[in-house]
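Heads up: the structure comes next, in structure tokens.
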Amino acid sequence: MSTATSKADNFIEEIIVEDLENGKHDGRIHTRFPPEPNGYLHIGHAKAIVINFETAKKYGGKTNLRMDDTNPSTEETLFVDNIQNDIRWLGYEWEGETRYASDYFDELYALALKLIDKGYAYVDESSAADIEKQKGDIGVPGTNSPFRDRSPEENRDLFERMRAGEFPDGSRVLRAKIDMAHPNLLLRDPVLYRIKHEAHHRTGGKWCIYPLYDFAHGQSDSIEEITHSLCSLEFRHHRDLYNWLIEALEIFPSRQIEFARMNVDYFITSKRKLKLLVDEGIVTGWDDPRMSTLAGLRRKGYPAEAIRNFCMDTGVTRRDNQQSLDLLEFKVREVLNRDAHRYMAVLDPVKLVITNYPEGQSEMLESENNPEDERAGTRQLPFSRELYVERSDFRKEPQNRKYYRLAPDKDVRLKSAYVIHCDGHEEDADGNVTQINCTYYPDSKSGDDTSGVKVKGTLHWVNAETAVDLDVRMYEPLFTDPTPMDHEDRDFMEFVNPNSLVSIRAKGEPALAEAQVGQQFQFLRQGYFTVDPDSTEGHPVFNLTVGLKSSWKG
RNA sequence: AGACCCAUGGUGUAAUUGGCAACACAACAGAUUUUGGUUCUGUCGUUCAAGGUUCGAGUCCUUGUGGGUCUACCA
């Protein structure tokens with residue numbers, strides 16, 4: 001069990017340790033994850049989720065889940081369920097019920113009134129365009145709105161009438177009265193409330209005015225008495241406003257701390273861009289295994305544990321970072337190597353005949369399910385005269401002494417079966433190999449090998465007669481460039497990888513026909529594969545999760 | 001242009017807060033292996049620049065340089 005004395009692993013934890021030592025908030029640590037329910041969670045959200053939940057957990061704190069649903073135009077209940085599913089799948093359970101910023105609309109409204117009464121906010125009738133002009137520019141001071149100096153009484157009256165629905169959309173806003181010359185543009189009298197005669201997914205038609213992010217997020221933090229409000233770097237400028245409002249409103253002083261977002265090679269995390277991929281039909285949906293969404297990664301077979309490990313091991317800092325896909329895939333293999341059962345499937349089959357194995361004869365051979373885990377047990381494999389092996393495991397001419405696979409006059413081991421000797425092959429008019437002919441050493445049976453034949457290579461295979469057809473989806477990154485968004489001169493769509501999905505028909509050992517959706521396997525010598533939801537009874541569809549590492553440069 | 005943030009091997013993150021720059025991934029070499037997987041061993045290579053403070057600087061100061069963020073009635 002972690003205690004308050006746990007060593008700080010990053011700058012956020014340093015702050016927490018210091019707060020704990022100073023007895024701040026009576027040693028209470030409370031974080032929150034505040035998604036906007038208008039889209040799917042992706043790998044970048046995973047980082048934020050992991051940071052918030054793990055940090056709190058480490059110091060004995062709690063984490064809330066709060067839907068930041070202050071904009072009625074964009075949010076939908078549908079997304080709420082998906083978000084909750086994804087967070088639970090990742091392995092986290094939040095404190096209490098799911099919170100909603102919209103649950104605080106009454107309190108927020110009262111807070112706005114308080115701000116008005118204290119002379120810190122005013123109702124502005126300037127048009128959106130005028131307000132933009134009043135903002136000034138970077139390095140250029142803004143100008144005061146002509147409505148800036150109304151009395152608190154007049155402002156209160158106007159604001160109450162805004163709420164009552166007396167004014168049309170866009171005709172008035174509530175603005176904080178701060179400083180139109182402030183170097184931080186966000187403090188040049190930011191808009192706090194806008195009029196939107198629109199129904200909200202939770203509050204229905206109760207409201208026609210809605211707070212903006214800056215007057216909802218921080219206040220929600222305070223209402224929930226969040227001690228450490230962790231967010232990404234682009235909110236740095238908002239912190240000044242966040243703190244200004246805490247002081248002006250005299251509410252619970254949550255502390256906002258920003259960390260750098262995580263970027264991952266070959267992944268994009270822009271909500272808009274992801275939607276474009278879906279809308280343009282580049283992918284089949286938000287849960288397409290090529291997507292950076294948690295739904296996509298899950299469907300591809302990335303274990304939650306691997307994603308968690310990845311997020312934790314990449315650390316927490318304030319500098320821009322670009323994580324390599326290599327590390328993510330390493331984390332995925334690390335978990336799957338431990339857990340996935342090994343099966344044999346031939347992705348690009350070519351027939352292999354063992355000419356000295358009696359026709360009509362067959363036998364069952366035993367094979368271990370996972371050499372990393374004895375408890376995984378063993379299974380029986382049918383073996384007979386005709387098999388399928390991988391086309392790429394045969395060469396018409398032996399390459400060099402570093403080549404361990406099939407070629408004329410070469411010996412190889414068939415995994416869990418016999419050592420065979422390659423005698424030759426047959427081919428069609430175009431030179432395509434149609435059959436490989438071999439002889440086997442009857443005394444080389446796996447586990448009982450007295451043949452004395454030494455081989456360097458071991459191949460996977462399936463018994464031709466009993467093999468089942470497998471639909472397999474081979475994936476590559478969705479983009480040909482690790483950072484498709486980083487080209488000023490080229491659109492990211494230009495980098496869509498035409499080979500990101502290649503569907504093939506493979507031959508698998510019989511037991512694979514029974515594979516259940518979500519089950520994960522290692523196809524020996526190939527990679528890790530996960531059964532896709534598109535599977536039907538007896539006809540599994542497999543997704544390539546990640547290939548095995550290979551040190552062979554053939 | 002103004003304000004703010006950031007700068008350590010190819011990538012990412014450490015460095016007992018001023019005391020021998022390390023860990024992971026990647027790459028490369030070897031050992032083991034009935035998966036060219038796993039495991040094990042080794043190699044490679046790092047403090048943005050220039051000044052300053054100090055016995056001593058990745059760490060502190062100054063000035064540069066480079067990168068990022070900010071002018072939505074989005075979050």
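A, B, ... follow the sequence lines: proteins, then strands. Residue 1 opens every chain. None of these values were measured; they are calculated from a predicted model.
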Work out how far the P atom of G18(B) is from that of G45(B), and round it to whole angstrom. 30 Å
When we call it a touch if two heavy atoms are under 4.0 Å apart, what does Thr70(A) touch: a base, just sugar-phosphate, or nothing? sugar-phosphate
May I ask you to decide if Val123(A)'s main-chain N or O and Arg175(A)'s side chain share a donor-acceptor pair within less than 3.5 Å? no
A26(B) and U39(B), which share atom name P, separated by this distance in whole Å: 10 Å
C55(B) and C23(B): how far apart are their P atoms, nearest whole angstrom? 32 Å
Just to be sure I understand the rule, does Gly457(A) reach a base, reach only the sugar-phosphate, or reach nothing, if contact means heavy atoms closer than 4.0 Å? nothing
Take atom P in C48(B) and the same atom in A15(B), then report the distance between them in whole Å. 16 Å
Does any N or O donor sit under 3.5 Å from an N or O acceptor when you compare the side chain of Asp137(A) with the base of U71(B)? yes
Phosphate OP1/OP2 of G36(B) contacted by Arg525(A) side-chain N/O (<4.0 Å): yes
Just call it for Lys445(A): base, sugar-phosphate, or nothing, with non-hydrogen atoms closer than 4.0 Å on any strand. base
Any N or O donor-acceptor pair under 3.5 Å from the base of U35(B) to the side chain of Arg342(A)? yes
How do Pro35(A) and Ser550(A) order along RNA chain B: which one's closest nucleotide is nearer the 5' end? Ser550(A)
Separation of Phe259(A) atom CZ from G12(B) atom C1', in whole Å? 16 Å
With sequence neighbours left out, the residues meeting side-chain contact (heavy atoms from CB on, under 4.5 Å) with Leu212(A) are Val191(A), Arg194(A)
Under 4.0 angstrom, heavy atoms only, what part of the nucleic acid is Val173(A) near: base, sugar-phosphate, or nothing? base
Between U34(B) and Ser416(A), is there an OP1 or OP2 to side-chain N/O distance shorter than 4.0 Å? no
Would you call U17(B) syn or anti, using the 90° rule around 0? syn
Please check this pair: side chain of Thr55(A) against backbone of Ile51(A), looking for a donor-acceptor N/O pair closer than 3.5 Å. yes
Earlier contact from the 5' end, RNA chain B, for Tyr213(A) and Phe330(A): Phe330(A)
Please confirm whether Phe383(A) and Tyr418(A) have ring centers closer than 6.0 angstrom. yes
Between C60(B) and U43(B), how far apart are the P atoms? Round to whole Å, please. 32 Å
Presence of donor-acceptor pair under 3.5 Å, side chain of Arg319(A) and base of U8(B): yes
At under 4.0 Å between heavy atoms, what does Ser232(A) touch on the DNA or RNA strands: base, sugar-phosphate, or nothing? nothing
Are OP1 or OP2 of G10(B) and a side-chain N or O of Ser324(A) less than 4.0 angstrom apart? no
Between Trp244(A) and Tyr120(A), does the ring centre distance come in under 6.0 Å? yes
OP1 or OP2 of G37(B) less than 4.0 angstrom from a side-chain nitrogen or oxygen of Ser551(A), does that happen here? yes
Identify the heavy atoms of Asp449(A) and Ser444(A) that sit nearest to each other, and give their distance. OD1-CA, 3.3 Å
Take atom CD of Glu258(A) and atom C1' of C70(B), then tell me their distance rounded to the nearest Å. 13 Å
note: Leu241(A), atom CG; C70(B), atom P; distance rounded to Å ~ 16 Å
Side-chain donor/acceptor of His460(A) to base of U35(B), under 3.5 Å: no
Using a 4.0 Å heavy-atom cut-off across all strands, classify Glu368(A) as base, sugar-phosphate, or nothing. nothing
Whole-Å distance separating the CG atom of Asp240(A) from the P atom of G2(B): 19 Å
For C73(B) and A3(B), measure between their P atoms and round to the nearest Å. 24 Å
I'd like to check, for Trp552(A), whether its ring lies over the base of G36(B) with centroids under 5.5 Å apart and a plane angle smaller than 30°. yes
Between the base of U34(B) and the side chain of Ser446(A), is there any donor-acceptor pair under 3.5 Å? yes
Tell me whether the OP1 or OP2 atom of A26(B) has a side-chain N or O from Lys549(A) closer than 4.0 Å. yes
Identify whether any heavy atom of Lys196(A) sits under 4.0 Å from a base atom; if not, whether one sits that close to sugar-phosphate; answer base, sugar-phosphate or nothing. sugar-phosphate
Could you tell me whether the phosphate oxygens of G68(B), OP1 or OP2, come under 4.0 Å of any side-chain nitrogen or oxygen in Arg236(A)? no
Side-chain donor/acceptor of Arg413(A) to base of U34(B), under 3.5 Å: yes
Say you pick atom P in A21(B) and the same atom in U62(B); how far apart are they, in whole Å? 26 Å
Test for a donor-acceptor pair under 3.5 Å between the base of U35(B) and the side chain of Gln526(A), counting only N and O atoms. no
For Phe235(A) and U69(B), give me the distance from atom CZ to atom P, rounded to whole Å. 14 Å
What does Glu372(A) touch in the nucleic acid at a heavy-atom separation under 4.0 angstrom: a base, only the sugar-phosphate, or nothing? base
Taking the P atom of each, how far is G10(B) from C6(B), in whole Å? 23 Å
Using a 4.0 Å heavy-atom cut-off, does Val419(A) contact any base of the nucleic acid, only the sugar-phosphate backbone, or nothing at all? nothing
May I ask you to check whether Asn463(A) and Tyr388(A) show a side-chain donor-acceptor distance below 3.5 Å? no
Can you check whether Phe330(A) and Phe310(A) have ring centres sitting under 6.0 Å from each other? no
